[in-house]
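Working notes for the structure below.
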Amino acid sequence: LALSENTRTLAVEMIKKFKAAGAQIAFDVNYRANLWDEDTARNTIKSILPFVDILFISEESCRRMFQKTGSLQDMHREFCLDFPNISYIASSMREVVSPKVHSFTSLVYSKKEDKFYTEDQYKNIDVVDRIGRGDAYCAGVLFGLLQYNDPQKAMEFGNATCATKNTIFGDLPLSDFNEISAIIESHKATEKQSEMKYQIYQLPMGGKYHGIRFESMDTLKKSGIRLNHADYEFVYEGMLDEFNGTATLESIFTKFNTDH
């Protein structure tokens, strides 16, 4: 939406056509002040909101862009009054403990039930790479709604997926359903347990991977080589709390090379 007027026009047209065809529309406000001015962003997004079923919006955007007041719960309800088509609203809530340690939870509102869903924070997450965590959160929430039609599950999967993404280098998380489900159950356990597990995957030896196993992703992309999750094999896992809040990519691989 922020790239140009032409892209905005095309995006709005596509949203309207998908909506007319019966699709549910999920929209993440995700305002970036360095890409477009606030008035243009506000007017464009307001033109889209009448077609949105699931809205992702931060508390800051509620207050700054849409100039709403009150608690986050009040603002969620007000959005649903202004735009009755919205069924769910999700807002992430991040606490920055330090540049490399964050805590995270979120709030999901179900208009039909007039009910809010949240949970205790995932505390003291060792942040390896923040890029993609917002997308991971949206993906987790949408999975919970599509798979279970349950806002409680949506909130849980959104939180766990986002928290886990922070601990993974690169913008493509390799976590699967079983891992995220285990993290959710661990987080809900009454006794304190370690929540943040990391896993290392490598390309197998030999065969089509000969000569490329240890090349960087940039080198592979420049060579036209495309890989996906199925190409990798699991080789190692550990717990981030072993690093006492000081985990870095280098320290993780040092431990891997020592133990493996």
Side-chain angles (χ1 to χ4, degrees), residues 54 56 58-59 72-73 76 88-110 113 115-130 132-170 172-201 229 232 234-249 251-252 255-256 259-260:
I54 304 163
F56 295 91
S58 68
E59 182 174 355
L72 185 55
Q73 290 88 339
H76 278 198
Y88 298 101
I89 302 181
S91 296
S92 59
M93 297 185 291
R94 176 170 56 97
E95 177 188 353
V96 178
V97 180
S98 73
K100 287 293 185 180
V101 179
H102 296 176
S103 296
F104 180 85
T105 187
S106 69
L107 183 72
V108 173
Y109 175 57
S110 169
E113 302 169 285
K115 184 175 179 180
F116 294 92
Y117 297 84
T118 190
E119 64 180 347
D120 291 340
Q121 290 180 326
Y122 282 78
K123 288 185 176 293
N124 300 322
I125 303 165
D126 285 290
V127 179
V128 175
D129 190 348
R130 297 182 297 122
R133 67 184 176 192
D135 293 334
Y137 174 70
C138 293
V141 170
L142 293 175
F143 173 81
L145 291 175
L146 292 172
Q147 183 73 15
Y148 301 101
N149 192 30
D150 183 345
Q152 174 73 26
K153 289 280 192 182
M155 179 271 300
E156 291 173 358
F157 273 94
N159 288 352
T161 306
C162 179
T164 305
K165 168 60 199 79
N166 280 279
T167 69
I168 298 172
F169 183 75
L172 182 64
L174 297 176
S175 306
D176 60 17
F177 172 78
N178 291 332
E179 180 183 355
I180 296 299
S181 297
I183 289 171
I184 290 171
E185 291 307 311
S186 176
H187 183 67
K188 292 194 295 186
T190 54
E191 296 183 6
K192 185 181 185 300
Q193 298 185 33
S194 176
E195 297 166 354
M196 293 293 105
K197 177 172 66 176
Y198 66 89
Q199 296 182 328
I200 295 177
Y201 292 76
H229 185 272
Y232 292 83
F234 169 74
V235 294
Y236 183 81
E237 73 177 19
M239 307 307 298
L240 285 173
D241 59 5
E242 296 175 4
F243 297 93
N244 298 315
T246 62
T248 64
L249 191 60
S251 64
I252 289 172
K255 181 169 178 55
F256 163 66
D259 294 347
H260 187 62

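Just so we're clear, the structure is a prediction, and the values are computed from it rather than from any experiment.
For the pair Gly140 and Thr161, the tightest heavy-atom approach, listed with the atom from each and the gap, is CA-OG1, 4.0 Å. Heavy atoms only, all atoms of each residue included: Gln121 and His187 are closest at O-CE1, 3.0 Å. Minimum heavy-atom separation, Thr105 to Asp120: OG1-O, 4.1 Å. Val101 approaches Asn124 most closely through the heavy-atom pair CG1-CA, 3.5 Å. Contact record, Lys100 with Val128: NZ-O, 4.1 Å, taken as the closest heavy-atom pair. Taking every heavy atom of both residues into account, Thr167 and Ile125 meet most closely at CG2-CG2, 3.9 Å.
Counting heavy atoms from C-beta on, the side chains of Val127 and Phe104 never come closer than 4.5 Å. Within the 4.5 Å cutoff, the side chain of Arg94 has no heavy atoms near those of the Cys162 side chain. Under the 4.5 Å side-chain criterion, counting only non-hydrogen atoms from C-beta, Phe157 is in contact with Ser181.
Once rounded to the nearest 0.5 Å, the distance linking OH of Tyr109 with OH of Tyr117 reads 11.0 Å. The OG1 atom of Thr118 sits 8.5 Å away from atom CD of Gln73, with the distance rounded to the nearest 0.5 Å. In this structure, the separation between CD1 on Ile200 and NZ on Lys255 is 10.5 Å, given to the nearest 0.5 Å. Note that CG of Asn166 and OH of Tyr137 are 13.5 Å apart. Values are rounded to the nearest 0.5 Å. Atoms CG and CD1, on Asn159 and Ile183 in that order, are 12.0 Å from each other to the nearest 0.5 Å. Atoms CG and CD, on Leu107 and Glu59 in that order, are 9.5 Å from each other to the nearest 0.5 Å.
Ser106 contributes no side-chain N or O that, together with a main-chain N or O of Met93, makes up a donor-acceptor pair within less than 3.5 Å. Side-chain atoms of His76 do not come within 3.5 Å of backbone N or O of Val108 as any donor-acceptor pair. Remark: side-chain polar atoms of Lys165 are paired, donor with acceptor, to backbone N or O of Asp129 under 3.5 angstrom.
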